[in-house]
Number of protein chains: 2
Amino acid sequence: MSGPKADSSTVNIDRLFHALGDPTRRAMLDRLALGPLSVSNMANPLGITLTAVMQHMQILEECGLAHTEKVGRVRTCRIASAGLDALDQWVRSHRTQLERQLDRLAELLAEDDSAE
Amino acid sequence: MSGPKADSSTVNIDRLFHALGDPTRRAMLDRLALGPLSVSNMANPLGITLTAVMQHMQILEECGLAHTEKVGRVRTCRIASAGLDALDQWVRSHRTQLERQLDRLAELLAEDDSAE
DNA sequence: AGTATTGTCAAGTGGCTACTTCACTATTTT
DNA sequence: AAAATAGTGAAGTAGCCACTTGACAATACT
């Protein structure tokens with residue numbers, strides 16, 4: 001049922017941003033950051049159905065933000081690192097690009113100043 | 001018309017993730033990373049209407065990822081740093097939380113091993 | 001002045017998404 | 001075995017979102 005276990009290089013950045021765009025899912029991740037939880041234990045404090053939690057977990061799992069495992073009749077949810085790793089990489093690369101651009105802008109402004 | 005200029009502490013993280021979740025908007029940012037562009041010059045290579053570009057720019061501006069300014073009849077679009085700054089902060093804080101949790105998990109596993 | 005260029009407003013459309021309900025399965029507990 | 005617990009699957013619904021069209025406004029070119 002669960003898709004291919006995403007590692008940080010496999011993660012679809014599109015789905016990743018989409019996954020993190022939902023406040024309920026971020027709340028779930030925050031809860032999971034304190035420790036593993038069953039589906040029911042995730043559902044109760046959030047005030048949503050088990051089904052909804054399952055749907056969110058599938059999305060989180062798909063992009064390496066969480067991982068679930070079923071033992072007996074209970075499915076345990078944990079956070080995973082691949083998702084944040086991928087996000088971190090994305091941010092880093094785009095930040096350096098941004099800084100390069102701002103530097104260039106500063107240079108241009110400096111040239112303009114000296115030309116006046 | 002444009003909302004309050006978001007600085008990195010003001011940015012709504014919800015809207016930020018939502019903004020970055022769209023591939024067209026990320027493509028726009030990538031183009032802008034190479035230098036400022038007019039609305040038309042953004043629209044042409046993307047194959048969408050001027051109106052669509054405007055709508056995207058409003059979203060990017062709202063969360064500090066870009067900035068636009070109109071001079072004469074031409075509106076010039078540039079990237080901004082506040083958005084990525086905010087995102088970076090979010091990633092950092094959530095990563096340390098995640099690592100704490102993984103460390104704790106490792107400890108528990110170590111205890112289990114020594115108990116057997 | 002007249003025309004082309006560049007952008008803006010308002011309204012509509014199709015598709016996606018979060019969430020629900022309800023019927024059902026699988027595992028424990030008693 | 002019967003009853004309770006924990007989760008799963010399918011299908012529906014309401015709301016949001018990306019994008020368009022078409023009418024209009026403002027600025028620049030000749």
Side-chain angles (χ1 to χ4, degrees), chain A residues 1-3 11-32 35-78 83, chain B residues 1-3 11-32 35-78 83:
Chain A
M1 168 214 149
S2 63
V11 171
N12 176 349
I13 200 75
D14 230 3
R15 297 303 288 168
L16 180 56
F17 278 123
H18 166 248
L20 289 169
D22 184 277
T24 304
R25 281 192 287 267
R26 286 204 312 283
M28 290 172 70
L29 286 179
D30 286 348
R31 286 284 281 125
L32 287 180
L37 287 170
S38 72
V39 175
S40 328
N41 285 338
M42 300 227 46
N44 290 335
L46 291 170
I48 55 178
T49 55
L50 296 189
T51 308
V53 171
M54 284 292 302
Q55 288 164 356
H56 284 307
M57 283 310 301
Q58 266 170 280
I59 291 172
L60 291 175
E61 210 164 355
E62 180 198 31
C63 56
L65 288 165
H67 171 60
T68 78
E69 191 188 5
K70 191 164 181 179
V71 175
R73 70 183 163 181
V74 116
R75 177 176 295 275
T76 305
C77 312
R78 292 189 179 73
Chain B
M1 171 214 145
S2 63
V11 171
N12 177 348
I13 200 74
D14 230 3
R15 297 302 291 169
L16 180 56
F17 278 124
H18 166 247
L20 289 169
D22 184 277
T24 304
R25 280 191 288 265
R26 287 206 309 285
M28 289 172 71
L29 286 180
D30 287 347
R31 285 286 278 123
L32 287 180
L37 287 170
S38 72
V39 174
S40 329
N41 285 338
M42 302 230 42
N44 289 336
L46 291 170
I48 56 178
T49 54
L50 297 189
T51 308
V53 171
M54 282 294 301
Q55 288 163 356
H56 284 308
M57 283 311 299
Q58 265 170 282
I59 291 173
L60 291 175
E61 210 162 357
E62 179 198 32
C63 58
L65 287 165
H67 172 62
T68 78
E69 191 188 7
K70 191 163 180 179
V71 175
R73 70 182 164 182
V74 133
R75 176 176 295 276
T76 305
C77 312
R78 291 189 177 76

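As rounded to whole Å, 15 Å separates atom P of C:dG12 from atom CD of B:Gln55. Taking atom CZ on A:Arg25 and atom P on C:dC19, their separation rounds to 8 Å, with Å as the unit. Going from atom CZ of A:Phe17 over to atom P of D:dA18 covers 15 Å, rounded to whole Å. Atom pair A:His56:NE2 and D:dT8:P shows a separation of 15 Å (rounding to whole Å applied). Between the P atom of C:dT8 and the CE atom of B:Met57 lies a distance of 11 Å, rounded to the nearest Å. Rounded to whole angstrom, the span from the CD atom of B:Gln58 across to the C1' atom of C:dC9 amounts to 11 Å.
Taking the side chain to side chain contact (heavy atoms under 4.5 Å, CB included) definition, one finds that B:Val74 meets it with B:Thr76, sequence neighbours left out. With sequence neighbours left out, B:Arg26 forms a salt bridge (Lys or Arg N to Asp or Glu O under 4.0 Å) with A:Asp14. Under the side chain to side chain contact (heavy atoms under 4.5 Å, CB included) criterion, A:Arg25 pairs with A:His18, A:Ala19, A:Asp22, A:His56, A:Ile59, A:Leu60, sequence neighbours left out.
When all heavy atoms of B:Cys63 and B:Val11 are compared, the pair lying nearest together is O-CG2, 3.6 Å.
Toward the 5' end of DNA chain C, the nearer of the two residues A:Val74 and A:Arg15, judged by each one's closest nucleotide, is A:Arg15.
Only A:Leu50, listed by number, bring a heavy atom of residues 41-50 of chain A to less than 4.0 angstrom from any atom of DNA chain D.
Distance from the side chain of A:Thr51 is smallest to D:dG9 among C:dA11, D:dA6, D:dG9.
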Anything under 3.5 Å between a protein N or O and an N or O of nucleotides 26-30 of chain D, put it in a table, one pair a line.
| from | atom 1 | to | atom 2 | distance (Å) |
| --- | --- | --- | --- | --- |
| D:dT27 | O2 | B:Arg73 | NH1 | 3.1 |

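For DNA chain C, if you chain together Watson-Crick or G-U pairs that step i with j, i+1 with j-1 and so on, the runs of at least three with distances under 3.5 Å are C:1-30 with D:1-30.
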